[in-house]
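Reading through the structure tokens given below for one structure.
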Amino acid sequence: MSVRHVEAVMGTVFSIVADGMEDVEDGIEAAVARLHEIDAKFSTYRPESVISRMARGERVTYDAEVAEVLERCAEVEADTDGAFSVRPDGRLDPSGWVKGWAIEEVSRLLAGAGSRSHLVVGGGDVQARGEAEAGRPWTVGIADPLRQGQFAALVSGTDFAVATSGVAERGDHIFDPATGRAATGFASVTLIGERIARTDAYATAVFAMGPDRGLAWIEAHEGFEAYAVLPGGQTMETGGFAEYLTG
Amino acid sequence: MRRAIVTGTATVSGVVLLLGLKPHDDTPSASGRTLSISSSDQGSAAPSTQSTPSTPSTPSTPNTPSSPNTGSSSTGTTTTTRTKTVTGDAAGTRYGPVQVAVTFDGKKITKIDVLEYPTESGRDREINSYAIPQLNQEAMAAQSANIDGVSGATYTAEGYQQSLQSAIDKAGQ
């Protein structure tokens, strides 16, 4: 018997499905409190958050967690030659790392409460642990960016993360820091990795790099696979992606 | 990154629908434009009602969000007394609240009315005109394929699904 929880936080909705371990309620309660704590500190929409204050150039008290997040962002920025940026619009905004990291925190707290299997979805990014039920892996649908209401592909696995970057409904919202223009080479690109924070940040970077450079770049990274839908409807994938395909 | 992609988990089980979408411009409240999404039930005899998706103006009475747990006025006389309408909680999204009312025939969802959705800007209306039916289809696809989660979608979609889920949860109580 699994337990389900939906929480509106961080400008989106987090959904948790966890196995019914004994302390599941405690685990979910701790996870939800953690999400709100992260939001209070890292939100770019709350003027009083640490990140908003830093973005305005105000002095803030040293915070080890903020320092670590900014360090991870700097790492990914270096890894991706700037295709991922902690200042995507010229203003401090580590959201591209924070959302995935928050999902990992939920997973960590659930595991700490005894959960061996859970699926955590936050704003289109997915972290799966264990399996959906005995003998059945988790199945995640990749929304088709060109055909409303349909899935471009279904992937399944036991311990994996799935992140999709796309033009989505809000228009060209990911900018290529190299050109300052909207990145439009993909309709969407989905990455599969082990942990969602880096998988999500890399998905953002690959999207910004565009199909040619982006897919070659991710192919060279062990532990990551990619599936792309191009504006014309063609699809591209890395060598190991098919192992996750299902349905 | 201001990433507007987001998604819901496909945990809205028991949902079978597909739909016509009719804006009601006569709804009085400022933000409360109502969309009526009628469902059909994949082949079997659906309690299909006033679902005329292509009709821009609707002759039926506007859906009233204030009448939860009452018999649906729109399912006509052919269905049974098991029909009831449950209003979901309003789910907050970055762009504004989203709230749905779900009509059940027994455990089957036969109709979903979107009571409130973001209409602040023309862009909101444009987005929601296709994001909402998309979510209905996703819910249906998810149910049929036993999908546990979805990667890639929208904020409003999330709010929609959250309100939908709360209505389903209430109906089950």
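Residue numbers start from 1 in every chain, and the chains themselves are labelled A, B, ... in the order their sequence lines are given, proteins ahead of strands. Predicted, not measured: the structure shown is a model, and the values here were computed from it.
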Kindly give the heavy-atom pair with the smallest separation between A:Val126 and B:Val150, and that separation in Å.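 Result for this residue pair: CG2-O, 4.1 Å.
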4.5 Å side-chain heavy-atom contact, A:Arg136 and B:Asp148: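 In contact.
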Just by modelled atom types, is the A:Gly124 backbone N or O under 3.5 Å from a matching donor or acceptor in the B:Ser151 side chain?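 Side chain of B:Ser151 to backbone of A:Gly124: a pair is present.
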Taking CD in A:Glu194 as the centre, count heavy atoms belonging to other residues, nucleotides or ligands within less than 6.0 Å. Is the count above 12?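 Not more than 12 within 6.0 Å, no.
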